[in-house]
Engineer: 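This structure is in structure tokens; I'll ask about it shortly.
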Amino acid sequence: MSRTIKKHDPSLANLIKKFGRNDIVAEMEKEYMSSGGRQLPLSQINDNSTIKRAKLDEEAIERFANGIKEKGLWNPLVVRPVGNHYELLLGRKRYHAAKKAGLETVPCVLNHPDDQEALLMLLADIRDQRDSNVVEMALVYAALRDKFGYDQATLANLSHCSRSQVTNILRLLHLPDDVLDDLSLGVLSYGHCRALVNLSEEETHKMVRIIKNKGLSVRQTEEMVRYGTDIYEEDNDLSRLCKKLGVLFIEEGESHLVFDFPSPKKKEAFLKFLKELEK
């Protein structure tokens with residue numbers, strides 16, 4: 001059962017002090033490496049239960065796996081015992097790359113954090129990664145909120161961001177699973193997805209198709225959400241006209257249209273066509 005965490009709770013204050021530091025995971029991993037690990041069967045290690053829903057870039061994992069095949073896996077995974085198996089705590093990319101490389105055993109350090117501390121370790125690790133996965137962060141936020149009553153101010157404190165950022169990241173979980181997969185894999189950006197979170201599932205899928213087909217920027221996506229899909233849909237009369245004339249239709253506002261011309265010649269042809277319409 002989840003409990004409401006109060007700001008004066010000394011245990012929470014200590015956890016925030018510990019896991020709010022930028023270098024906490026790096027320090028922990030140094031300690032793990034110096035203490036020595038043990039070889040564990042990879043088949044007995046499960047992906048992290050909180051963030052396994054978040055997809056990883058298969059090409060990046062493949063490159064990592066090729067490196068492991070050549071040089072081996074030296075940095076241990078951090079795991080904890082759960083029943084008859086182990087749950088991965090730190091080293092998710094190494095874990096999946098080791099599986100891709102076909103390793104039977106991997107070096108591991110055994111840790112025994114409770115569920116709350118395991119989530120805080122994970123949050124700190126994702127926060128400090130250069131290529132952090134925002135879907136993983138959203139899933140950890142939600143787990144800390146739902147299981148342990150963490151409020152957005154506390155989550156913001158721990159992840160070194162604003163409360164509004166925490167709110168926006170949590171709202172991503174309202175998106176359909178396939179859209180979250182696109183976000184995890186970098187097909188869609190955080191900005192694209194943030195613009196879509198208030199839409200129905202049907203509207204979201206429709207707009208995602210247009211974003212992908214036309215390569216829309218975040219600003220263009222925001223315009224489409226505001227004014228509707230007609231300004232970018234393939235069957236829009238203006239879009240068809242622009243396609244016929246070799247002109248890229250960028251956006252439509254309340255009192256303006258924006259076009260991109262691949263050459264001065266294309267621009268002149270477009271203006272000439274408009275003049276012909278006036279006759």
Side-chain angles (χ1 to χ4, degrees), residues 51-63 92-93 96 126-127 129-142 159 161-263 266-267 270 273:
I51 60 173
K52 64 181 181 181
R53 172 182 170 188
K55 300 288 186 181
L56 293 174
D57 185 340
E58 285 297 324
E59 290 185 4
I61 296 299
E62 183 72 39
R63 290 194 297 271
R92 189 165 184 243
K93 292 173 186 174
H96 284 281
I126 296 168
R127 177 197 68 205
Q129 289 178 33
R130 292 181 181 178
D131 56 346
S132 60
N133 187 322
V134 70
V135 177
E136 290 182 347
M137 181 65 85
L139 292 168
V140 175
Y141 280 165
S159 49
C161 64
S162 67
R163 292 177 65 176
S164 62
Q165 285 176 298
V166 172
T167 300
N168 287 331
I169 290 173
L170 278 167
R171 290 173 69 206
L172 295 173
L173 297 179
H174 296 301
L175 292 168
D177 287 346
D178 57 334
V179 178
L180 286 176
D181 290 347
D182 283 339
L183 175 56
S184 291
L185 298 173
V187 177
L188 297 174
S189 73
Y190 166 65
H192 286 118
C193 291
R194 186 178 61 184
L196 300 172
V197 292
N198 289 325
L199 304 177
S200 69
E201 184 171 342
E202 182 180 356
E203 289 175 318
T204 298
H205 282 129
K206 186 176 183 180
M207 290 198 178
V208 166
R209 284 194 297 271
I210 296 172
I211 293 168
K212 290 179 179 179
N213 290 338
K214 292 187 170 291
L216 300 188
S217 67
V218 172
R219 184 169 66 88
Q220 291 170 323
T221 299
E222 291 169 346
E223 291 289 326
M224 181 170 60
V225 170
R226 186 175 304 142
Y227 298 114
T229 58
D230 285 349
I231 64 172
Y232 290 114
E233 281 186 310
E234 293 290 351
D235 59 356
N236 175 269
D237 289 339
L238 184 57
S239 294
R240 286 203 306 271
L241 173 62
C242 290
K243 186 175 182 180
K244 180 179 178 180
L245 297 175
V247 175
L248 179 60
F249 178 30
I250 299 297
E251 71 174 51
E252 178 180 1
E254 292 182 356
S255 59
H256 70 275
L257 296 170
V258 180
F259 303 94
D260 182 42
F261 300 96
S263 68
K266 290 288 185 181
K267 178 181 177 182
F270 184 73
F273 179 84

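Positions are given from 1, in the same order as the sequence printed here. Predicted, not measured: the structure shown is a model, and the values here were computed from it. Atom set for the values below is all heavy atoms of this structure, side chains included, hydrogens, waters and symmetry mates excluded.
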Engineer: Mind jotting down which residue pairs meet the salt bridge (charged side-chain N to carboxylate O under 4.0 Å, His left out) criterion with at least one end in residues 184-194? Sequence neighbours excluded, please.
Structural biologist: none
Engineer: To the nearest 0.5 Å, tell me how far I61 CD1 sits from L56 CG.
Structural biologist: 5.0 Å
Engineer: How would you list, by chain and number, every residue that makes a salt bridge (Lys or Arg N to Asp or Glu O under 4.0 Å) with R163, sequence neighbours excluded?
Structural biologist: none
Engineer: Do you know the tightest heavy-atom contact between I51 and V140?
Structural biologist: CG2-CG2, 3.7 Å
Engineer: To the nearest 0.5 Å, how far apart are CG in L199 and NE2 in H205?
Structural biologist: 11.5 Å
Engineer: Could you tell me whether E203 and K206 have a side-chain N and a carboxylate O separated by less than 4.0 Å?
Structural biologist: no
Engineer: If I compare all heavy atoms of G215 with all of Q220, which pair ends up nearest, and what's the gap?
Structural biologist: O-OE1, 4.2 Å
Engineer: Rounded to the nearest 0.5 Å, what's the gap from CD on E222 to OG on S217? Could you check?
Structural biologist: 8.0 Å
Engineer: Going by side-chain contact (heavy atoms from CB on, under 4.5 Å), name the residues that satisfy it together with E58, two or more places apart in sequence or in a different chain.
Structural biologist: K100
Engineer: What closest approach, in Å, do E136 and A54 show between heavy atoms, and which atom pair accounts for it?
Structural biologist: CG-CB, 3.6 Å
Engineer: Would you give the length of the straight line joining atom OG of S132 to atom CZ of R127, rounded to the nearest 0.5 angstrom?
Structural biologist: 11.0 Å
Engineer: Return yes if some donor-acceptor pair links the side-chain N/O of H192 with the main-chain N/O of L216 below 3.5 Å, else return no.
Structural biologist: yes
Engineer: Dump the intermediate steps for side-chain contact (heavy atoms from CB on, under 4.5 Å) on Y190 and V218, then the final yes or no.
Structural biologist: CA-CA 9 Å; Y190 166 65; V218 172; over 6 Å; no
Engineer: If a pair satisfies salt bridge (charged side-chain N to carboxylate O under 4.0 Å, His left out) and one of its residues is in residues 166-182, list it, with sequence neighbours excluded.
Structural biologist: R53-D177, D182-K212
Engineer: Provide the closest heavy-atom pair for A195 versus T221 in the form atom of the first, atom of the second, distance.
Structural biologist: CB-CG2, 4.1 Å
Engineer: When rounded to the nearest 0.5 angstrom, what is the spacing between CD in E202 and CE in M207?
Structural biologist: 11.0 Å
Engineer: With sequence neighbours excluded, what pairs up with A138 under the side-chain contact (heavy atoms from CB on, under 4.5 Å) test?
Structural biologist: I169, L173
Engineer: Only one of L180, L188, V135 passes side-chain contact (heavy atoms from CB on, under 4.5 Å) with C193; say which it is.
Structural biologist: L188
Engineer: Inspect the surroundings of NZ in K267 and state if more than 12 heavy atoms from other residues, nucleotides or ligands are less than 6.0 Å away.
Structural biologist: no
Engineer: Would you name the heavy atoms of V208 and L196 that are closest together and state the gap between them?
Structural biologist: CG2-CD1, 3.8 Å
Engineer: Take R226 and E223, measure what salt bridge (charged side-chain N to carboxylate O under 4.0 Å, His left out) needs, and give me the verdict at the end.
Structural biologist: CA-CA 5 Å; R226 186 175 304 142; E223 291 289 326; 3.2 Å; yes
Engineer: Minimum heavy-atom separation for Q165 to C161, with atom names?
Structural biologist: OE1-CB, 2.9 Å
Engineer: Once you round to the nearest 0.5 Å, how far does CG of L183 lie from CG of N133?
Structural biologist: 7.0 Å
Engineer: Report the residues that fulfil ring pair (Phe, Tyr, Trp, His ring centres under 6.0 Å) with F261, sequence neighbours left out, ordered by chain and then residue number.
Structural biologist: F270
